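Following: one structure in structure tokens, then a few remarks.
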2 protein chains.
Amino acid sequence: MKHLPHKTIERLSQYRRALLLCLEKGKTHIYSHEIAKIQHITSVQVRRDLMLIGYTGTLRKGYNVKELIDLIGNIIDSEEGIKVAIIGMGNLGRALINYFAGKRSKLRIVAGFDTNPDKIGNTMSGVPCYSIEQLKEVVAAEDIKVGIMTVPADYAVDTADLLVKAGIKGILNYTPKPVNVPEGVYLEEYDMITTLEKVAFYVKLQETD
Amino acid sequence: MKHLPHKTIERLSQYRRALLLCLEKGKTHIYSHEIAKIQHITSVQVRRDLMLIGYTGTLRKGYNVKELIDLIGNIIDSEEGIKVAIIGMGNLGRALINYFAGKRSKLRIVAGFDTNPDKIGNTMSGVPCYSIEQLKEVVAAEDIKVGIMTVPADYAVDTADLLVKAGIKGILNYTPKPVNVPEGVYLEEYDMITTLEKVAFYVKLQETD
DNA sequence: TTAACAATGTTAAATTTTTAACACTTTTAC
DNA sequence: GTAAAAGTGTTAAAAATTTAACATTGTTAA
């Protein structure tokens, strides 16, 4: 398998999420159109994505849920696992930790960072909170590869710089301030306001039709 | 102006965010390549988007920040404003409220909902918290158009149904459980785990190159 | 005053992504 | 046992999105 399209990568992760839910319910097989319905896409797209990763289902029975989960794991997970840090233990940071707790074995949030002395030294949902001063040290000691930024907007740029200097390889920026990273560091930015504005826009559009 | 591409809508919102920051700094004009740098895209794309909305800058001086902010507002904002509710006043819900407070005049979070009696009746960052039982009533009374779901995963499906029944026109689902809505309701889903997995994937990819 | 430069605006090409079309195969129904 | 139905897998077409190419025009500098 050569290069998977960007969008396929995103969808594979979503398929797995859906498949894990099916597994919980005791479903052993699933059709492409069932996955499609859950994800609000077409069954063709599902089949095409699965073709790209070389998975082949059973004709007339659909895909084996367990097998497919494993295969997707082989593709998107990193074998040795990846450790993640959260910078900013405010509401959003804590939400992420709770939300994430124990969900993916190959992707673990192992450290939180904050500037608030009341938080430093405590553990939140199993994640120890360190001082931001210790960032470099902890990142190195734990071999943390990915950082999630949930700090106040005004600290965004500085935090990104700190992460880069600490040797982080991927940053997920939940701050409303875009940041810059050098070549070799993967950056993903997400602004909740933008998303909300998009929803509002399409609501407006629908009404004026 | 006919139909703006989906992606252009998203970017317009992002441009505005960047432009507002520039305005704060006292910048009156901005070049396409400056906007591009902030957003990590190309200047061609910026110019193309602005062409689509019919805005024309000053040659050699760039775009007028204020004018462009206003124009983008005319396009994506709804004139009379849109009211938003948050369902689930946990960490994520509260994070969104704080994060959003007073940021956009045309888009206001006017109500929160929860099942926890300790929260109901209180105000959080200026947003009153109601019982989920009152959803329909409050949505109707306030003419709330958009709902943001930040409830625990297990309540996702039921909450979506409630929102639809209450007459909500747009749903932003931050729950990891996909939901379904009827025709006429705009749905946007976002799963933080998927995003994190994507970051992790590209970090892994970069390392194995 | 005129040549070089640096920006915008726009058309055309390239790329990416999605959708359609359809061949193939098992299961089901009679 | 055979036809119809209901799936998968894949190639081809279409649509959406991005990028390139370039014409145009103020501005600057010699």
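Each chain gets a letter, A, B and so on, in the order its sequence line appears, and its residues count up from 1. Note that the structure is a prediction, hence the values are computed from the model and not measured.
No more than 12 heavy atoms of other residues, nucleotides or ligands shown are found within 6.0 angstrom of NZ on K37(A).
Contacts of T8(B) with the nucleic acid, taken as non-hydrogen atoms under 4.0 Å apart, are absent.
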Tell me, with the steps shown, if K198(A) and E188(B) meet salt bridge (Lys or Arg N to Asp or Glu O under 4.0 Å).
CA-CA 9 Å; K198(A) 189 171 136 197; E188(B) 177 91 19; 3.3 Å; yes
Salt bridge (Lys or Arg N to Asp or Glu O under 4.0 Å) assessment of D154(B) paired with K177(B):
CA-CA 8 Å; D154(B) 287 343; K177(B) 271 248 182 69; 3.5 Å; yes
Step by step, would you call N180(B) with H40(A) a side chain to side chain contact (heavy atoms under 4.5 Å, CB included)?
CA-CA 8 Å; N180(B) 289 299; H40(A) 315 299; 3.1 Å; yes
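If you look at Y202(A) and H6(B), their ring centroids are closer than 6.0 Å.
Per the geometry, NE2 belonging to H3(B) stands 12 Å off P belonging to dT17(D), to the nearest Å. Between L50(A) atom CG and dT8(D) atom P the separation is 9 Å, expressed in whole Å. To the nearest angstrom, P of dT10(D) lies 14 Å from CG of D49(A).
By the 4.5 Å heavy-atom criterion applied to side chains, R104(A) and L196(B) are not counted as neighbours.
Sorted by first and then second residue, the ring-ring contact (aromatic ring centres under 6.0 Å, His included) pairs involving residues 42-64 of chain A (not counting sequence neighbours) are Y55(A)-Y63(A). For residues 157-176 of chain B, every residue pair satisfying the ring-ring contact (aromatic ring centres under 6.0 Å, His included) rule, not counting sequence neighbours, is listed here: Y174(B)-Y190(B).
Taking 4.0 angstrom as the limit, R48(B) places none of its side-chain polar atoms (N or O) nearer than this to OP1 or OP2 of dA16(D).
Taking both residues in full, the closest heavy atoms of Q206(B) and Y186(A) are given as OE1-N, 4.0 Å, listed atom of the first, atom of the second, then distance. Heavy-atom minimum distance, L19(B) versus V65(B): O-CG1, 3.6 Å. Across all their heavy atoms, L107(A) and E197(B) have their closest contact at CD2-CG, 3.7 Å. Counting all heavy atoms, side chain and backbone alike, A95(B) lies closest to N91(A) at CB-CB, 3.6 Å.
Here the range on DNA chain C touched by chain B, meaning any atom under 4.0 Å from one of its heavy atoms, is dC5(C) to dA12(C).
Less than 4.0 Å separates DNA chain C from at least one heavy atom of each of the following residues of residues 57-74 of chain A: L59(A), R60(A). The stretch residues 24-46 of chain A touches DNA chain C through T42(A), V44(A), Q45(A), each having a heavy atom under 4.0 angstrom from the strand. Taken residue by residue, residues 183-191 of chain B places no heavy atom nearer than 4.0 Å to DNA chain D.
For the salt bridge (charged side-chain N to carboxylate O under 4.0 Å, His left out) with D49(A), the lone residue among K7(A), R16(A), R11(A) that qualifies is R11(A).
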